[in-house]
Amino acid sequence: MKLANLNGRAVLITEDGAVDVADASNGRFGSDPQSLFDEWAAFAEWAATTASGTTHGAAAAVAFDAQSLGAPVPRPRQVFAIGLNYAEHAAEAGYPPDTMPVTFTKFSSSIVGPDTVVELPDGHVDWEVELVIVIGRDAHKVDRESAWDHIAGLTIGQDISERITQLQGSAPQFSLGKSFPGFGPTGPWLVTPDELPDRDDLAISCSLSGESMQSSRTSMMLYDVPELLVRISAVCPLLPGDIIFSGTPSGIGNRRTPQRFIQPDDVLVSEIEGIGALTTRFTAGA
Ligand code: ZN
């Protein structure tokens, strides 16, 4: 199943177009994309039968354009983000291997959709393509074996980061430096793990204005998806509709020689195999 947010309404993405969830379910499920995570198991069961049909209940499949898509998880109660989760990136960033994943937040006001324009703040704005995990049911102190059972699906994220804010001071401001408006593009839709060729090993990449910047595989994570759920949920109960940015591979601008940062009119394209692509454009700050 592919679940998207089209003009603020939950839609299933089918070969024929977008199918409105509230209409197709005759109101059994609401139109708010965020509300579906509160009854994810029932929704996923309904969608598995409906999405494969041709009539979709009372709703027709309609064509849509990417710019009308919002964040598939528009109002997560908790946003977790993981730093230094790929060995080559940890090395380029100058950090030794750690025994606990570096965990911070992107404040939820930074979360936007898959085709957006971001106004550049002053500073050094950088890219980080990441696999984003979406929680489908309460997860507290989960073990590795059951971790995937708590996941609704996966999507793409960009952990856009302003490096001067992020790294200034004796205790770095990871969360603030990564939470300017528009710094959390996500989408284009949530994909359930059963639709992916291999949920543990997906090609992940991004390019800036046509030039390849990052290219890796999610199987290169130091803490894989189940392990991230184990480590985070050992402390924080994970709630339906929470999201986890799972870390970025090497190739960020801050560690290139010479350094490279995002400029006005740059276009950032972020891709993950089996999910799709995000397109993020940039303009000069006011
Ligand atoms: Zn990141």
Side-chain angles (χ1 to χ4, degrees), residues 71 73 76 78-98 100-112 114 116 118 121 123-134 154-168 171-187 202-208 213-225 227-229 231-232 236 242-256 259-262 268-272 275 277-278 280 282:
V73 186
Q78 303 186 97
V79 180
F80 298 89
I82 303 300
L84 310 174
N85 201 21
Y86 290 76
E88 287 185 4
H89 171 61
E92 74 177 353
Y95 290 94
D98 236 321
M100 178 74 187
V102 175
T103 307
F104 53 94
T105 192
K106 291 176 78 72
F107 294 106
S108 60
S109 58
S110 68
I111 301 299
V112 295
T116 55
V118 176
H124 293 165
V125 178
D126 203 348
W127 54 85
E128 296 191 358
V129 63
E130 307 200 4
L131 180 73
V132 170
I133 304 157
V134 183
L154 302 173
T155 191
I156 310 169
Q158 254 295 342
D159 178 16
I160 300 175
S161 306
E162 195 285 288
R163 301 299 185 194
I164 295 175
T165 305
Q166 177 192 339
L167 299 171
Q168 74 182 1
Q173 298 280 3
F174 270 48
S175 300
L176 273 185
K178 292 162 171 279
S179 294
F180 286 87
F183 270 30
T186 55
L202 302 168
I204 179 169
S205 63
C206 82
S207 66
L208 186 68
M213 292 295 167
Q214 296 184 283
S215 180
S216 188
R217 303 196 68 84
T218 59
S219 54
M220 301 296 286
M221 287 182 188
L222 298 173
Y223 298 93
D224 64 10
V225 170
E227 195 64 22
L228 289 178
L229 261 68
R231 298 299 189 108
I232 298 171
C236 298
D242 283 355
I243 61 176
I244 303 168
F245 284 71
S246 60
T248 200
S250 61
I252 61 170
N254 196 39
R255 297 298 174 179
R256 302 181 89 86
Q259 286 182 320
R260 180 161 174 182
F261 299 109
I262 298 172
L268 182 63
V269 177
S270 311
E271 297 182 75
I272 295 181
I275 302 178
L278 306 177
T280 314
F282 296 86

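Since this is a predicted model, take the numbers as computed values, not measurements. All ligand and atom numbering here is 1-based and tracks the order in the structure. The analysis underlying the following values was restricted to heavy atoms, covering all of them including side chains, and did not include hydrogens, waters or symmetry mates.
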Keeping waters out of it, list the protein N, O or S atoms under 2.8 Å from the Zn ion (ligand 1).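 You should have found E128 OE1, E130 OE2, D159 OD2.
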
Which residues pass the ring pair (Phe, Tyr, Trp, His ring centres under 6.0 Å) test with F80, not counting sequence neighbours?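 Result, ring pair (Phe, Tyr, Trp, His ring centres under 6.0 Å) vs F80: none returned.
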
Return yes if a side-chain donor-acceptor contact under 3.5 Å exists between S270 and Q158, otherwise no.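 Yes, side-chain donor-acceptor contact under 3.5 Å.
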
Interatomic distance, F174 atom CZ to T105 atom OG1 [nearest 0.5 angstrom]: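 Nearest 0.5 Å value for the CZ-OG1 distance: 13.5 Å.
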
Check whether F183 forms a cation-pi arrangement with K106 (NZ or CZ under 6.0 Å from the six-membered ring centre, at most 45° off the ring normal).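 The answer is no, since K106 fails at least one limit relative to F183.
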
Under the side chain to side chain contact (heavy atoms under 4.5 Å, CB included) criterion, do F261 and R163 qualify, and how do the steps go? CA-CA 9 Å; F261 299 109; R163 301 299 185 194; 4.1 Å; yes

Within 6.0 angstrom of Q259 CD, more than 12 heavy atoms from elsewhere: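 Yes.
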
